[in-house]
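Working notes for the structure below.
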Amino acid sequence: MSDKKRFYLSTPIYYVNDVPHIGHAYTTLACDVLARYKRARGYEVCFLTGTDEHGQKVEKAAQAKGETPLELADRVVKRFQSLWDKLNISNTDFIRTSQERHKLAVQEIFRNIEAKGDIYLGEYEDWYCTPCETFWTETNLLDGNCPDCGRPTDKLKEESYFFRMSKYQEQLLAHIEANPDFIQPKSRRNEILSFIREGLRDLSISRTTFSWGIPVPGNDKHVIYVWFDALTNYISALGYPNDNDGEFSKFWPCDVHVIGKDILRFHTVYWPTFLMAAGIPLPEKVFAHGWWTVEGQKMSKSLANVVEPNMLIDKYGVDAIRYFLLREVPFGLDGDFSHTALVHRINSDLANDLGNLVSRSTAMLNKYFKGELTSPGETIDIDKILQDKFTKQVKVVDGHMEALAFNKALQSIWELVSAANKYIDDSAPWTLAKDDAQRERLGSVMYNLLEAIRMIGLLVTPFMPETGANISKILGVDPTDQHLEEHDSWGLLKPGTIIEKATPLFPRIETE
RNA sequence: GGCGGUGUAGCUCAGUUGGUUAGAGCAUGCGGCUCAUAUCCGCAGUGUCCGGAGUUCGAAUCUCUGCACCGCCA
């Protein structure tokens with residue numbers, strides 16, 4: 001073990017029965033920003049995303065289209081991957097549950113737990129809808145009928161393997177109580193605590209009604225149940241049960257599983273108890289974010305209001321979308337996606353505040369110094385205040401990033417944008433420019449201003465990689481080297497640098 | 001039905017262990033600058049802090065109760 005800092009974070013694996021929408025993009029984007037931030041802070045990052053491909057729904061959907069489940073999955077996987085490219089997602093691996101490495105891991109963990117006596121063969125009894133080939137619990141039925149198709153259901157028994165989840169109730173409870181940050185946000189933690197206190201039952205972890213899945217070791221009649229299969233991706237991607245390349249011992253336990261609030265229970269009850277049974281350490285943290293409504297309405301296929309991320313990116317630009325999604329809503333709460341809110345954010349925050357700051361600053365440098373940065377002279381009070389503000393704010397942003405409070409981090413960065421704009425007003429370069437005796441002072445002001453922009457660019461890079469690179473290019477700084485550790489102190493721009501007048505970073509969106 | 005949460009400016013929210021004139025951003029109004037993508041900066045508001053009762057010298061903050069909304073479970 002070297003002492004290099006490491007960070008492992010994951011998105012859920014997305015089910016290939018659905019095509020990518022704003023919700024998928026949101027989760028993945030949040031992870032990407034965190035991953036980029038951690039890298040900028042000197043961490044070696046493992047950033048995992050992927051797809052969940054097994055199960056009855058996929059099997060049936062494929063059948064309906066006259067293709068194999070794997071062919072269907074291949075098709076949908078491409079759509080996810082091309083969206084991630086387009087969104088500038090920097091994942092370091094992409095796991096598919098249909099891959100051999102995953103199958104090995106799932107069967108191994110199954111065998112492992114079974115050998116310890118925590119998996120047993122029993123009978124699963126529930127209400128079965130024959131046309132849908134789906135089991136329903138009594139409480140899910142609508143007047144005794146299938147909630148999907150409305151047809152009558154029958155009580156059926158099926159042989160099934162069970163995981164002795166009940167055995168781990170107290171251990172899990174103790175873990176959550178001893179680790180207040182294990183489940184975030186807090187409101188979700190409370191929900192899970194009360195869920196566990198009501199009592200955990202053993203969990204059915206195999207099915208015999210379909211075959212598109214991973215067979216139970218030693219009993220091919222059974223396919224391993226979707227969540228037992230899917231959750232294991234977080235370690236199968238690291239090579240579990242092997243550690244030949246050292247990935248598993250290097251990155252496990254995971255620092256954070258970022259998920260949507262709909263799959264909280266699977267990640268904070270099922271997954272930890274599986275791991276306990278297998279004798280594997282638990283992840284450090286599970287963070288459940290909220291959902292997006294669209295123009296005030298719940299997203300649904302029937303309303304046809306599902307937001308298509310590719311279209312948004314084409315229309316507004318990738319960085320604008322990245323900015324909006326993480327700035328508009330506190331991570332963990334629900335939010336609303338509306339066209340007017342998006343345009344408002346783009347125009348006021350990106351075009352007016354940040355974009356215009358860069359425009360006016362580079363324009364002045366060109367007007368007064370033909371674009372050449374001069375050495376700063378004497379530092380006066382307002383310079384010092386500006387510098388202190390920036391130096392302190394870097395730490396504030398860091399705190400927010402640690403807490404996954406992306407909106408607060410951006411808010412804090414924008415306080416710097418405001419401070420820089422205010423600095424221009426306070427120092428009034430256009431007045432200084434009229435007096436030859438103030439030439440040196442004018443040069444200092446310009447230097448401080450451009451330096452402020454450099455720092456802003458640095459902080460903004462994990463959120464908006466293209467914009468960060470643009471700002472670097474404008475300032476003549478190496479855009480590929482954005483390490484915060486080496487660059488987050490004041491005064492690193494080189495005097496003598498020629499900086500051209502920048503074209504607008506973000507064009508205003510004119511509304512009628 | 002059980003458990004938990006929320007209700008503060010037009011909107012979105014912050015309000016630490018109860019303590020002076022209740023805050024921020026956006027929106028609104030007014031003023032200033034002119035370097036800039038008609039951008040930027042400053043100032044100003046407005047609040048029965050959901051209703052009611054109680055504890056206290058003092059409550060948005062604690063207790064009880066009513067109403068409304070939300071989440072999880074059944």
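Note that these values count all heavy atoms, side chains included, but never hydrogens, waters or copies made by symmetry. Naming: A, B, ... by sequence-line order, numbering from 1 per chain.
Here Ser359(A) lies in heavy-atom contact (under 4.0 Å) with a base. As judged by a 4.0 angstrom heavy-atom cut-off over every strand, Leu505(A) is placed among the base-contacting residues. Among the atoms of the strands shown, only primed sugar atoms or phosphate atoms (P, OP1, OP2) are found under 4.0 Å from some heavy atom of Asn421(A). Here Asp353(A) lies in heavy-atom contact (under 4.0 Å) with sugar-phosphate atoms only. Across all strands shown, Ala351(A) has heavy atoms under 4.0 Å from base atoms, whether or not it also approaches the sugar-phosphate. Within the nucleic acid shown, Tyr368(A) comes within 4.0 Å of sugar-phosphate atoms alone, with no base atom in reach, counting heavy atoms only.
With rounding to whole Å, Asn347(A) atom CG is found 14 Å from C26(B) atom P. Here C13(B) presents its C1' atom at 15 Å from CG of Asp336(A), a figure rounded to the nearest Å. The distance between atom CG of Leu354(A) and atom C1' of U37(B), rounded to the nearest whole Å, is 12 Å. A straight line from CG of Leu200(A) to P of C73(B) spans 13 Å, rounded to a whole angstrom. Rounded to whole angstrom, the span from the CG atom of Asp435(A) across to the C1' atom of C35(B) amounts to 17 Å. Going from atom CG of Leu449(A) over to atom P of C35(B) covers 15 Å, rounded to whole Å. Spacing between atom CG of Asp334(A) and atom P of G5(B) amounts to 18 Å, rounded to whole angstrom units. The nearest whole Å value for the distance from the CD1 atom in Ile424(A) to the C1' atom in G32(B) is 16 Å.
Pairing of A74(B), defined by two Watson-Crick or G-U wobble distances under 3.5 Å, is not identified with any nucleotide. When both pairing distances are held under 3.5 Å, U21(B) makes no Watson-Crick or G-U pair with any nucleotide shown. Under the Watson-Crick or G-U wobble criterion, with both distances below 3.5 Å, C30(B) is paired with G42(B). Remark: U37(B) base-pairs with no nucleotide in the shown strands. Criterion, Watson-Crick or G-U wobble with two distances under 3.5 Å. Shown here, A9(B) forms no base pair; nothing in the strands shown gives a Watson-Crick or G-U wobble contact with both key distances under 3.5 Å. A 3.5 Å limit on both hydrogen-bonding distances identifies no Watson-Crick or G-U partner for C49(B).
Annotation: C62(B) and G7(B) have their P atoms spaced 11 Å apart (nearest Å). Rounded to whole Å, the separation between the P atoms of U39(B) and U28(B) comes to 12 Å. Between A9(B) and G18(B), the distance separating the two P atoms is 24 Å to the nearest Å. Straight-line distance between the P atoms of C41(B) and G25(B): roughly 11 Å, to the nearest whole Å. Only the C1' atoms considered, C50(B) is 16 Å distant from G5(B), to the nearest whole Å. Atom C1' of G15(B) sits at a distance of 15 Å from the matching atom of U6(B), rounded to the whole Å. Spacing of P atoms, C49(B) relative to A53(B), comes out at 13 Å, to the nearest Å. Here the separation of G47(B) from U12(B), taken at their C1' atoms, is 16 Å to the nearest Å.
Annotation: of the two residues near RNA chain B, Phe506(A) and Ile192(A), the 5′-most nearest-nucleotide partner is Phe506(A). Taking for each of Val417(A) and Lys367(A) the nucleotide of RNA chain B with the nearest heavy atom, the 5'-most of the two is the partner of Lys367(A).
Between C41(B), C35(B), C72(B), one nucleotide has an atom nearer to the side chain of Glu191(A) than all others, and that is C72(B). With distances taken from any side-chain atom of Arg508(A) to the nucleotides U37(B), A36(B), A74(B), the minimum falls on U37(B). Between U37(B), C3(B), U34(B), one nucleotide has an atom nearer to the side chain of Ser194(A) than all others, and that is C3(B). The Asn356(A) side chain lies nearest to U39(B) when the options are U39(B), G71(B), C35(B). Considering only side-chain atoms of Glu198(A), the nucleotide from G2(B), U37(B), C41(B) that sits closest is G2(B).
Using a 3.5 Å distance cut-off with no hydrogens or angles, the side chains of His267(A) and Tyr234(A) do pair a donor with an acceptor.
Considering only side-chain N and O atoms, Arg360(A) lies nowhere under 4.0 angstrom from the phosphate OP1 or OP2 of U37(B). An OP1 or OP2 oxygen of G42(B) is reached within less than 4.0 angstrom by a side-chain nitrogen or oxygen of Lys422(A). Distances shown here put a side-chain N or O of Arg265(A) below 4.0 Å from the OP1 or OP2 atom of C73(B). Within the structure, a side-chain polar atom (N or O) of Lys501(A) is placed less than 4.0 Å from OP1 or OP2 of U37(B).
Paired with Asp118(A) under the rule side-chain contact (heavy atoms from CB on, under 4.5 Å), one option of Met165(A), Met276(A), Arg164(A) passes, and it is Arg164(A).
In this structure, Trp291(A) has its ring center no closer than 6.0 Å to that of Phe337(A). For Tyr225(A) and Tyr270(A), the ring centers are positioned 6.0 Å apart or more.
The shortest distance between side-chain heavy atoms of Asp18(A) and His24(A) falls below 4.5 Å.
Aromatic ring pairs are classed by plane angle as parallel below 30°, tilted from 30° to 60° and perpendicular above 60°; the pair Phe406(A) and Phe463(A) is perpendicular. The aromatic rings of Phe274(A) and Phe163(A) sit perpendicular, their planes meeting at an angle over 60°, well past the 30° parallel limit. A perpendicular orientation is assigned to the rings of Trp490(A) and Phe390(A), their planes being inclined by more than 60° (bins at 30° and 60°).
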